[in-house]
**Q** 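This is the structure I have questions about; it appears just below.
These values consider heavy atoms only, across backbone and side chains, with no hydrogens, waters or symmetry-generated copies.
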Amino acid sequence: MPVNAALASDIWLRYQYIRDNGHLEYVLKAKKCEDFFVGNQWEANDLALLKASRRPALTINKIISTVSNVMGEQIFNRTDVEFRPRNEGATSDVADSLTKVFKQVSYNNQLDWVRSDVFADGIVTSRGFYDVRLDFGDNAMGEIQISQINPKNVLIDPDAEEYDPDKWNDVFVTKWMSPDMIAMLYNEEDAEKLRGRQESFWPYGYDSIDRERDRFGTPRAITYNMGPTATSGVVRNIRVIERQWRKLDRRDMFVNIKTGDLRPVPEAMTREQISFYLQQNPGVSVIKKQVPRIRWTVIADNLVLHDDWSPYNHFTVVPFFPYFRRGRTVGLVENLLGPQELLNKVSSQELHVVNTTANSGWKVKSGGLRNMSIAELEQRGAQTGLVLELEDMDSAEKIQPNQTPSGLDRISYKAEEHIKTISGVSDYQTGFAREDVAAKAVKANQAAGSANMAKVLDNLRRTDHILGRNVLDMIQEFYTEERLIRVTRDRLTGETEELVVNQMTPEGEILRDLTLGEYDVVVTAEPERDLYEDSQFDQAVALMERGIQIPPDVLIKASRLRNKSEILKAMQGDPKAAELKARSDEAAVQLQEAEALEKRTQAQLNEAKAQKELSGDGGMLPGSEETIEMEKMEREYALKKEQADREHALAVQKMQQEFALKREQMQRETAIKSAAQQADAVVKRAQAVQALRTPAPDPGAQPKEQTTP
């Protein structure tokens, strides 16, 4: 882009303002929390002093085990995002389609793992961030990309006090890029200007070119030699500052006269297209309105790489804060720093006391030692079986060590208890409860301990809601063409479902139009798949033990067997054979029902005859009521018997026809295979005869020279 020093200066000054008004303090806190998490828990100056005085510096990292338990709670409690219709233009069918599209986006981005990484950033540094934007690297139509951002590289509006980014005025995201990356994403001209820069254009812009940051390699100085010229384009030493900020803009808006719903008119629509849309929708009008829009500006040093309106309706940044109070974010590690330091120092002091008890020192007269020097005694003074040769018995004396302070071991015990109580992760949560505690009491304590994590997990679900809202908006905004969506319905059997969205019918109607309607985001908690299967299997077994008939395939699906899919396929067998068996069973059932009906009718007829004989008449008069009833029953019996016979005959005939067709098909397949084998045998015989007729080459014969005509 053309050089715009004024705009670049405005962006840089705003970046400096946010950096120096809270962000640097957060970076220092986050760095200390991360150091304690990985085990770097001593200051360099303290380590140097302890080493100089030959005193131990122990690191007993209780933070990583405590935080790992919290991470496990998050992994075992996943969430599921669904969409529900909100207004009249929304339908349940489209809501289900949107839910399936979100599942495909989640699967493509491995959202479960990204979510765990963002959660880990939050509980360690008190802030975690997603980045949601379109990516055109794999699909020309664009696919939604969800990634994790280093929280140290995200600068939040210092005047904001809300959790939701829609209430922030601006947000900065800094990235370290190489000149080649800038040339690929922006333009080659700006990349050439930035290539090889080792100093910032701005006064006091000490972090414009390079600074200590998170990476695999060690930190390097600003004047670091990048090495060969061939690798100078891939070293990421240029800080690119990306600002997303809200700016008022006067826009054309579609307004629904009936509901008052407002939608911005796409900038790509011409006046003719807008007029045609209004003709097709009589209840919609166009008005001018001043609304806040997101401006997207990217600079590198004093160069403006990009400046335009953002294509998205929300910031691409989605935050997660474990604890949030009016703009202040709190994680789980920062409150454990004090108890962890206390544990390390007290444990080191205990070891120092033990060491001084074994080697408390010596008092020696000058010249009193004969078999070693003072330096040798200093090195070997604590060895077992040490022999000193002295001028006299008073030439050397062992210094009596100080007594171990009482209660020193209790301080380390208190430090460990402080870590448990502050974090809310007790022995019951970690699985180290006493063996004499009842199982019911253990479960009750575990349930009570889970309440300590309720707010953290609730804020995580809040983040999931914001993420689902932003993804929904991007789907409705950019997934406008016809797409084929594949969703895995069952991870066990690998069964997938194909869904076509925005499909145009021959009549001009769009099926599953994702762009229409408004939908609510519903976030529901669900346990991890492995734990869910275990619980389902236990419940199915318990129901079977109580006499409830559970289908075998349900039990197999809920089990933890390795080859469940093969077992299920073997249980299902051949579909055609299963269909024939089902029809045979159906015919047998119909035959049994007909026989039962015949027996029941015959019994009723015999009962009527017996009652008439017992009445004493000895017979029935023609035309009497009893005679008419008897004739009616006989006719009904004859009709039912005839109907049952016909149904049975039809069923038998149908089965015979199917078996005959099956037998004929097998005979045809056998004949085809036999003919193919015979033809193959004839060809092989012909090839063998041809090989026998062809004379073998003479090994001693010279090859003939080939001449070119």
**Q** Is any NZ, NE, NH1 or NH2 atom of the basic residue among Arg246 and Asp170 found under 4.0 Å from an Asp or Glu carboxylate oxygen of the other?
**A**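 Looking at Asp170 together with Arg246, the answer is no, because their closest N to O distance does not fall below 4.0 Å.
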**Q** Could you report the tightest heavy-atom contact between Ile18 and Ile156, atom names first, then the distance?
**A**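 Minimum heavy-atom separation between Ile18 and Ile156: CG2-O, 3.3 Å.
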**Q** side-chain contact (heavy atoms from CB on, under 4.5 Å) for Tyr15 and Thr174? Distances and angles first, verdict last.
**A** CA-CA 10 Å; Tyr15 166 77; Thr174 67; 3.8 Å; yes
**Q** Look at Arg115 together with Asp464 and state whether they make a salt bridge at an N to O cut-off of under 4.0 Å.
**A**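 Salt bridge flag = yes for Asp464 with Arg115.
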**Q** When you measure from the side chain of Asp458 to the backbone of Ala454, do you find a donor-acceptor pair of N or O atoms at a distance under 3.5 Å?
**A**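 The answer is no, because no donor-acceptor pair under 3.5 Å joins these two groups.
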**Q** I need the minimum non-hydrogen distance between Ala30 and Thr125, along with the two atoms involved.
**A**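 Reported closest heavy-atom pair: CB-CB, 3.8 Å.
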**Q** Does Asp520 come within less than 4.0 Å of Arg84, counting only side-chain N to carboxylate O?
**A**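 Judged by the 4.0 Å cut-off on N to carboxylate O distance, Asp520 and Arg84 do not form a salt bridge.
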**Q** Looking only at atom types and distance, does a side-chain atom of Thr59 sit under 3.5 Å from a main-chain N or O of Asn61, one as donor and one as acceptor?
**A**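 Side chain of Thr59 to backbone of Asn61: no pair is present.
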**Q** Cation-pi check for Tyr163 against Arg462: NZ or CZ below 6.0 Å from the six-membered ring centre and within 45 degrees of the axis, yes or no?
**A**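 Cation-pi check for Arg462 and Tyr163: passes.
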**Q** To the closest 0.5 Å, what do you measure between CD1 (Ile146) and OG (Ser106)?
**A**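 One gets 5.5 Å once the value is rounded to the nearest 0.5 Å.
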**Q** May I ask you to decide if the ring planes of Phe315 and Trp168 are parallel, tilted or perpendicular, using 30° and 60° as cut-offs?
**A**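 Because their plane-to-plane angle lies in the 30° to 60° range, the rings of Phe315 and Trp168 count as tilted.
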**Q** Should Asp121 and Phe320 count as side-chain neighbours, where that means a heavy-atom distance under 4.5 Å?
**A**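 They are not in side-chain contact.
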**Q** Measuring only between side-chain heavy atoms, which start at C-beta, is Lys247 closer than 4.5 Å to Pro292?
**A**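 No; the side chains remain at least 4.5 Å from each other.
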**Q** I'd like to know if Glu417 pairs up with Lys414 as an ion pair, taking the criterion as any Lys NZ or Arg NE/NH1/NH2 lying under 4.0 Å from an Asp or Glu carboxylate oxygen.
**A**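 Looking at Lys414 together with Glu417, the answer is no, because their closest N to O distance does not fall below 4.0 Å.
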**Q** Just verifying a value: how many Å separate Gln104 CD and Ile144 CD1, rounded to the nearest 0.5 Å?
**A**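 Rounded to the nearest 0.5 Å, the CD-CD1 separation comes out at 9.5 Å.
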**Q** If you define the side chain from C-beta out and look only at heavy atoms, does anything of Lys32 sit under 4.5 Å from Leu337?
**A**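 A side-chain contact exists here, since the closest heavy-atom pair is under 4.5 Å.
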**Q** I need the Leu98 CG to Gln476 CD distance, nearest 0.5 Å.
**A**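 Here the rounded value is 6.0 Å.
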**Q** When Leu332 is tested against each of Thr66, Ile63, Ile123, Ile422 for side chain to side chain contact (heavy atoms under 4.5 Å, CB included), which residue passes?
**A**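 So, applying the side chain to side chain contact (heavy atoms under 4.5 Å, CB included) to Leu332 and each of Thr66, Ile63, Ile123, Ile422, only Ile123 qualifies.
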**Q** Salt bridge between Arg133 and Glu242, side-chain N to carboxylate O under 4.0 Å?
**A**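 Glu242 and Arg133: salt-bridged.
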**Q** Got a sec: does the CZ of Arg328 have more than 12 other heavy atoms crowding it under 6.0 Å?
**A**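 Atom CZ in Arg328 is not crowded, with 12 or fewer foreign heavy atoms closer than 6.0 Å.
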**Q** Donor-acceptor check, side chain of Asp131 to backbone of Gln148, threshold 3.5 angstrom: yes or no?
**A**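 Side chain of Asp131 to backbone of Gln148: no pair is present.
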**Q** Would you mind reporting whether Ser347 and Ile60 have side-chain heavy atoms less than 4.5 Å apart?
**A**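 Side-chain contact under 4.5 Å: yes.
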**Q** I want to check something: taking the side chain as every heavy atom from C-beta on, are Val38 and Ile64 in contact at a cut-off of under 4.5 Å?
**A**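 When only atoms from C-beta onward are counted, Ile64 and Val38 do not touch, as no gap falls below 4.5 Å.
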**Q** Any side-chain heavy atom of Thr524 within less than 4.5 Å of one from Val81?
**A**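 Contact flag for Thr524/Val81 side chains = no.
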**Q** Does either side chain, that of Thr297 or that of Arg243, offer a donor lying less than 3.5 Å from an acceptor on the other one?
**A**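 Their side chains do not contain a donor-acceptor pair, so the 3.5 Å distance test is not met.
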**Q** Quick check with a 6.0 Å cut-off and a 45 degree axis cone: is Arg127 positioned over the face of Phe324's six-membered ring?
**A**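 No.
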**Q** Parallel, tilted or perpendicular: which fits the ring planes of Phe102 and Phe83, with parallel below 30° and perpendicular above 60°?
**A**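 Because their plane-to-plane angle is over 60°, the rings of Phe102 and Phe83 count as perpendicular.
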**Q** Check this for me: does any side-chain nitrogen of one of Asp164 and Arg469 sit under 4.0 Å from a carboxylate oxygen of the other?
**A**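 Looking at Asp164 and Arg469, the cut-off is met.
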**Q** Would you call Lys152 and Glu34 a salt bridge, using N to O less than 4.0 angstrom?
**A**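 Glu34 and Lys152: salt-bridged.
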**Q** Taking only residues at least two apart or on different chains, which pairs with a member in residues 16-47 satisfy ring-ring contact (aromatic ring centres under 6.0 Å, His included)?
**A**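 Every pair satisfying ring-ring contact (aromatic ring centres under 6.0 Å, His included) with a residue in residues 16-47: there are none.
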**Q** Would you name the heavy atoms of Pro85 and Ala95 that are closest together and state the gap between them?
**A**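 Answer, listing the atom of Pro85 first, then Ala95: CD-CB, 3.9 Å.
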**Q** Check whether the side chains of Gln244 and Thr316 place a donor and an acceptor atom closer than 3.5 Å, and report yes or no.
**A**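 Side chains of Gln244 and Thr316: pair found under 3.5 Å.
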**Q** Side chains of Gln340 and Gln41 only: does a donor on one sit below 3.5 Å from an acceptor on the other?
**A**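 Short answer, yes.
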**Q** Which distance, rounded to the nearest 0.5 Å, do you find between the CG of Leu457 and the CD of Gln74?
**A**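 So the CG of Leu457 and the CD of Gln74 are separated by 8.0 Å.
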